[in-house]
Amino acid sequence: MHRWSKLFIPTLREAPTDAEVASHKLLLRAGYIRQLGAGIYSYLPLGQRSLNKIIAIIRDEMDKIGQEFLLPTLNPVELWQESGREAVMGQNLFHLKDRKGAELVLAMTHEEVITSIARNELRSYKQLPQVWYQIQTKFRDEPRPKSGLMRVRQFTMKDSYSFDIDAAGLDKSYNKHDAAYRAIFTRCGLEFVAVEADSGAMGGSGSQEFMVYTEAGEDLIASSASGYAANLEKATSKLTPLEDLAPTGDGMPELVHTPGKASIADVTEFFGIHASQDIKCVAFVGLTAKAESVPRPVVAFLRGDHQVNETKLAAVTGVTELRPMVPLELEVHIGGPAGFLGPVGIREVMTQGSLNGLNSGKELAKLKGVLRENPSEGLKSIVVMDLGLQGRANLVAGANQQDYHYRNVTPGRDFTPTVIADIRNINEGEPDPISGEPLRLGKAMEIGHIFKLGYKYSESMNARVLDANGKEVMPIMGCYGIGVERILTAAIESSAARFAAESSTEQYALPASIAPYEVIVTITNVREPELLQAGEDIAEKLEKAGVDVLLDDRDERAGVKFKDAELIGVPYRINIGKKLADGQVELVDRLTQKTEDLAVDSVTQHLVALLAASKQ
RNA sequence: CGGGGCGUAGCGCAGUCUGGUAGCGCACCUGGUUCGGGACCAGGGGGUCGGAGGUUCGAAUCCUCUCGCCCCGACCA
């Protein structure tokens, strides 16, 4: 029997000022967590109970499709150099040295370790498929830990890895995870959406993120009534074709003096056109992970009313990082000043000659150095045009000289991009690509991610098995993660948002499946022996019926106990009070905010039924 | 890493500008009253004012350096 009077549940009336988002404040106030450093938290008994319940659900579902491991967090750095991820992850990976000076890293995921086991132990296709998982602490030296448990440096993650003999096998393993994840999040009481996602630094092809809509989230996702859902990084839409301007003059690009008209707004006003008829130019320097690689200029053209999506642009151009060009770079690579950049006559290949006449600066000197060493190659710009400009005609664009624009610019005729691709962010309300339903954009947080990794690690770490023909082949892999603390955080954020909308109060109630206790029995006054006794009896009966019950037997005033019970997020409360004289107690359902009076004898049965129903 | 803010009792804060015995509310301890929505009265405990150095007769307060935390951005399986 868990009696509050004997437990450590340090609730706070006020939240520390450090806490900003609802879940962070509530976790602190409810005595679930305490902060030790930036992005480092202790889990107090209540928090640990809740996390343990989440882990139990994950484990239950994962055991149906895989086998659990416990893997080392301390990894030799060589392992990460082998996979190439030491370089890719850079500062995000915690590094340390042992007493002998050997370099170690703290694992942020376990692809390397699991693949090293696989390559050492798996020999035959007969041993495949395998699904291996682990639930343990992972480390990331986040540049900016924030929002309580949402973005931290040390956290619990369920990670699993699948090994299959071929792509069809991987599809099966991937789909099993998809189903398991849906079961897990549903059992945790979350309302989630699965979205198409960018695979990012993990590499690989197919990928889905499991997201929970919340204002505290860090991602933007797009979804529609048709069921289409995608991360903004990946979301596409079906745009209706636009009617373009009629050509003027001889129909060829015509130089127009546009003094001081450097912004899209200025230009469209000057020409009396809509922003969709203007060509926007956004210029970047693209970098790859390799230290010796030469930065490539990446120039993007898109509709004036569209926003460039750097994730898509990076994927299309094959670079891993994009940064905006500085003014000197604009001059060198494109040949025009900011505000008057355009596709007509853009310098596509940078040579020593094209640098002549430019003022020298540090970056220019460096660039000249690169070209001197590699004069024949030059520096090729990658010119990417967004699909929104395809088939368009007679648009307005910068002329790459101060205070001049062109009109009658027609893509394909007046300039030829290296690549034509979708490189923009979709906007709210655009038709989805499946059925044309309007897209809704919303903030969300990621709670899980499944990837088809492919051969990335099998190849870099040299894992091989023999197939049915006795031929050596690489196993194909998938990897699948769930953020354990994020499930708790998402549940609190969702519930808190609902309470805030309905009653403008800062409170929450957790689903019974992941709450630290399923029910709290509140004895309104422990000095009245009948109340105390009735509370003890009911709590005991509940416990015998298999209910996870907390008995609030503290000698506190009723108001304090009610507030505390609400703070810790337990979904059901039984009040033992005055009505006991009539043989009745109150059952409060925190989720529906409804209270009903029940006979002392029937309350256990009633609650058991409610809990069973909530787990459906 | 860029920008902004904050470090004074467990929590929330005042005091810093203008140097002069470190305060308030909540929480905590003792006694009493109260007892269904964060009670009241009386008494009490608790602080190297983030740290180091400096200026000064005297520093929470002024100066220099430093550490930490939060927010925005960059970043982010």
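Since the model is a prediction, treat every value here as computed from it, not as a measurement. Reminder, nothing fancy here: chain letters follow the sequence lines and each chain counts from 1.
Residue-level contact check: A:Thr17 touches the backbone only, with heavy atoms under 4.0 Å from sugar-phosphate atoms and none from bases. When heavy atoms are screened at a 4.0 angstrom cut-off, A:Pro143 is found touching base atoms of the nucleic acid. As judged by a 4.0 angstrom heavy-atom cut-off over every strand, A:Thr595 is placed among residues making no nucleic acid contact.
Pair assignment for B:rC1 gives B:rG73, based on Watson-Crick or G-U wobble hydrogen-bonding distances that are each under 3.5 Å. Base-pair partner of B:rU34: not found among the strands shown (Watson-Crick or G-U wobble, both distances under 3.5 Å). Across all strands shown, B:rG19 has no partner, as no Watson-Crick or G-U wobble contact with both distances under 3.5 Å is found. In this structure, B:rU56 makes no Watson-Crick or G-U wobble pair, since no nucleotide meets both defining distances under 3.5 angstrom. Searching all strands for a Watson-Crick or G-U wobble partner of B:rC26 with both distances below 3.5 Å returns B:rG10.
Here the separation of B:rU48 from B:rU8, taken at their C1' atoms, is 12 Å to the nearest Å. Distance noted for atom C1' between B:rG68 and B:rA27: 25 Å (whole Å). Here the separation of B:rG44 from B:rG37, taken at their C1' atoms, is 29 Å to the nearest Å. Taking atom C1' on both nucleotides, B:rC63 is separated from B:rG45 by 37 Å, rounded to a whole Å. Straight-line distance between the P atoms of B:rA9 and B:rG51: roughly 11 Å, to the nearest whole Å. When the P atom is compared between B:rU64 and B:rG5, the two are found 16 Å apart, to the nearest whole Å. Spacing between B:rG50 and B:rG31 at atom C1', rounded to whole Å, works out to 38 Å.
A donor-acceptor contact under 3.5 angstrom links the side chains of A:Ser5 and A:Asp553, judged on distance only.
The CD atom of A:Glu556 sits 11 Å away from the C1' atom of B:rA27 (whole-angstrom rounding). Rounded to whole angstrom, the span from the CG atom of A:Leu322 across to the P atom of B:rA74 amounts to 14 Å. Atom CD1 of A:Ile40 and atom P of B:rG68 are 11 Å apart (whole Å). Rounded to whole Å, atom P of B:rG73 lies 7 Å from atom CZ of A:Arg144. Distance CG (A:Asp555) to C1' (B:rA39): 13 Å, rounded to an integer number of Å. For the pair A:Glu566 CD and B:rG37 C1', the computed distance is 8 Å after rounding to whole Å. Atom CD of A:Glu310 and atom P of B:rC76 are 10 Å apart (whole Å). One interatomic measurement links the two molecules: CG of A:Leu567 to P of B:rC11, which rounds to 17 Å at whole-angstrom precision.
Between A:Gln91 and B:rC76 there is no side-chain N or O to OP1 or OP2 distance below 4.0 Å. The side chain of A:Arg13 contributes an N or O atom lying less than 4.0 Å from OP1 or OP2 of B:rA27.
With respect to A:Arg151 and A:Glu142, a salt bridge is recorded, a charged nitrogen being found less than 4.0 Å from a carboxylate O. Of the charged side-chain nitrogens involved, at least one lies within less than 4.0 Å of a carboxylate oxygen, so that A:Glu536 and A:Arg3 count as a salt-bridged pair. Using a 4.0 Å cut-off between a side-chain N of Lys or Arg and a carboxylate O of Asp or Glu, A:Glu20 and A:Lys146 do not qualify as a salt bridge.
A donor N or O paired with an acceptor N or O is not found under 3.5 Å between the base of B:rG38 and the side-chain atoms of A:Arg554. The base of B:rG38 lies close enough to the side chain of A:Asp564 for a donor and an acceptor atom to sit less than 3.5 Å apart. In this model, no side-chain donor or acceptor of A:Arg29 finds a partner on the base of B:rG12 within 3.5 Å.
Residues A:Phe210 and A:Phe185 bring their aromatic ring centres within 6.0 Å.
The shortest heavy-atom contact between A:Leu567 and A:Ala30 is O-CB, 3.2 Å.
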